[in-house]
Amino acid sequence: MAVAMSEAGTDATVIAASLHEPARFSVLYDRYAAQLHRFAYRRVGPDTADDVVAETFLAAFRRRERYDPGQPDARAWLFGILVRELAQHHRREQARYRALAKLPADGPAPGPADRVAAEVGAEALRGVLANALAALTDGDRDVLLLLAWGDLSYPETAAALGIPVGTVRSRMHRARRHLRDALGGTDPTLEMDA
Amino acid sequence: MNDLDLLNELGTELDPPNGPSAALRHRALSMVDTAGPARPRRGTRSRWLIAVAATAVLATAAGVALATTRDNDRLPGADTALPSARASAPVKRPPPESAELLLLSAAAAAREAPVPRPDQYLHIHSITSRSGTVPSEREVWKSVDGTRVTYSSNAPTAYFPGCKNGVLVGKDDRPTDWTGGCTPQPGYRQDLPSTLDGMRDLLRTRGLKELVMDIYQPPTPNLLPPQTEAALFEALAESPGVSLVPDVVDAAGRPGVAAVWMAGDVMLRLIFDPDRRTFRSFQLFLAEGKGRPDNGGPNMEDTLVSWDIADAIPDPPPAAPVPSGPARPGRGASPTHPVPSRA
């Protein structure tokens, strides 16, 4: 696990310092806002991403007194808050995936037949995948996307969601099986590394 | 390429064109700029005492609150006690990606609407427009619980009686000479479901055109309770054939984003605030060649210019006599007016 560290100190140090100097909390924003925003943007789109990211940092600021100083890296903590904010928009997220699945393909650029076929195939798979994401349970989708899009490890995902690592593994397994089934058995390969 | 590769490709496709904006940074750190040092944490007992005390203070504050406003210049929920990113400042939003997402945003906005006390008034400013006629602008103050008089700025009779304890009352709660009893008619429309399942059923039973027209073309301006309005928009988000028009204008000349349906030979539009996603206007267009105005505008339009929560009807309002009898049912009478009962 890479610990966020700079002249300002670890995340835990920054949070502790912000208890006396609130302005120090902005260091945390500068470290993680881009990651959180990208994750939220992918899931709920431009319309809501700003709202949930702003609410995430406001909630984190309010709860900073309760942050465990033994955890030097606050990324999982912030993602956990973000996921709870996103949970209030699960219908929007599903709608985003369904809308994505309905989008017509732009049409491949002219080219060799095999490349055209590959591009058409990829467009079709995107729709299938988007529909499959919409159909996942919220818990399975959170695990899958924290691992795949949030780049969190299994332990970080477990910490973010407040569940055991074993549950993360089982949810990930179930989510991937669902995706593969939807994709028609597309090359099932290795699980992600913890 | 496996499922995770595809998922990552999809994620890359969905990435934002830019990083977080300066406006987002300002919102996210709004509390940081104003907060003082954190206080030491207290024990459980202290926290309980503080919670009880805070509840008492909030309850007192709610009791003396004057008016909560919701219009084009304020965010819904701007009076909430705790700082909130959604309430911090108006935010320019990009256009929604689809009508479905627009309606879900509108549902979320509806849920954030302030809720009045039973003894307050819903002050509704609206414009009704019918092709071939001069648009009619009016303001109405509706008693939230229906026990007080309703005041309309341009009705032939300015005051409509309230119904308190089974007695029809006029201004200042004075009983009228009607002795036949009455039933209070609350300011919000009450006959619609407040759950998504209930609204789905209603939509299925009545059909989209009939339901939307029933709700948005009332004889007098109407508001839905927040949960009902949210359920309606969520149900409409699931309706087939809905499409998005990102740049429309309502009867008040405001730009908006619209969800649009073709229903037989008419087109229905619900227009929303482009940033807050609150409802603004309903428009109905007849098909071309079937009576649509030459300028291409709507045949019917009912626009909610603004609404807010008031403690009283305007003072001093134009002089008007206290009604001496029950309101007569008909086009001129609001469905929210008290209904005399002869039981």
- request: Report the option among B:Pro96, B:Ser98, B:Pro17 that has the most heavy-atom pairs separated by less than 4.5 Å from atoms of chain A.
  value: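 Counting heavy-atom pairs under 4.5 Å, the top option is B:Pro17.
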message: I need the residue from B:Asp15, B:Asn8, B:Thr12 with the largest number of non-hydrogen atom pairs under 4.5 Å to chain A.
response: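 Looking at each of B:Asp15, B:Asn8, B:Thr12 in turn, B:Asp15 comes out on top.
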message: Do the side chains of A:Glu93 and A:Arg96 get close enough for a salt bridge, i.e. N-O under 4.0 angstrom?
response: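 Salt bridge between A:Glu93 and A:Arg96, a charged N being under 4.0 Å from a carboxylate O: no.
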- prompt: Between B:Glu238 and chain A, which part of the residue has a heavy atom less than 4.5 Å away: side chain, backbone, both or neither?
  reply: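 Contact with chain A is through the side chain of B:Glu238 alone.
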field: chain A contact via B:Arg25 - which portion, at a heavy-atom distance below 4.5 Å
entry: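 The answer is both parts of B:Arg25.
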message: Just by distance, no angles: are the side chains of A:Thr13 and A:Thr10 close enough, under 3.5 Å, to form a donor-acceptor pair?
response: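 A donor-acceptor contact under 3.5 Å links the two side chains.
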task: Identify whether NZ of Lys or CZ of Arg in A:Arg75 sits under 6.0 Å from the centre of the six-membered ring of A:Tyr32 and within 45° of that ring's axis.
output: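 No, A:Arg75 does not lie over the aromatic ring of A:Tyr32.
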Sub-4.5 Å side-chain heavy-atom contact between B:Leu224 and B:Ile215: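 In contact.
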message: Looking at chain B, which one of A:Leu133, A:Thr56, A:Asp30 has the largest number of heavy-atom pairs inside 4.5 Å, strictly under?
response: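 Of A:Leu133, A:Thr56, A:Asp30, A:Asp30 has the most heavy-atom pairs under 4.5 Å with chain B.
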field: Option in A:Phe25, A:Tyr41, A:Phe39 with maximal non-hydrogen atom pairs under 4.5 Å from chain B
entry: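 Looking at each option in turn, the highest pair count goes to A:Tyr41.
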- prompt: Do the rings of B:Tyr216 and B:Phe282 sit parallel, tilted or perpendicular, given the 30° and 60° boundaries?
  reply: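 Parallel, since the angle between the ring planes stays under 30°.
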- request: Check whether A:Leu36 gets within reach of chain B through its side chain, its backbone, both or neither, counting any heavy atom under 4.5 Å.
  value: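 No part of it gets close to chain B.
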query: Of all heavy-atom pairs between B:Ala230 and B:Ala110, which one has the smallest distance, and what is that distance?
result: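 Reported closest heavy-atom pair: N-CB, 3.9 Å.
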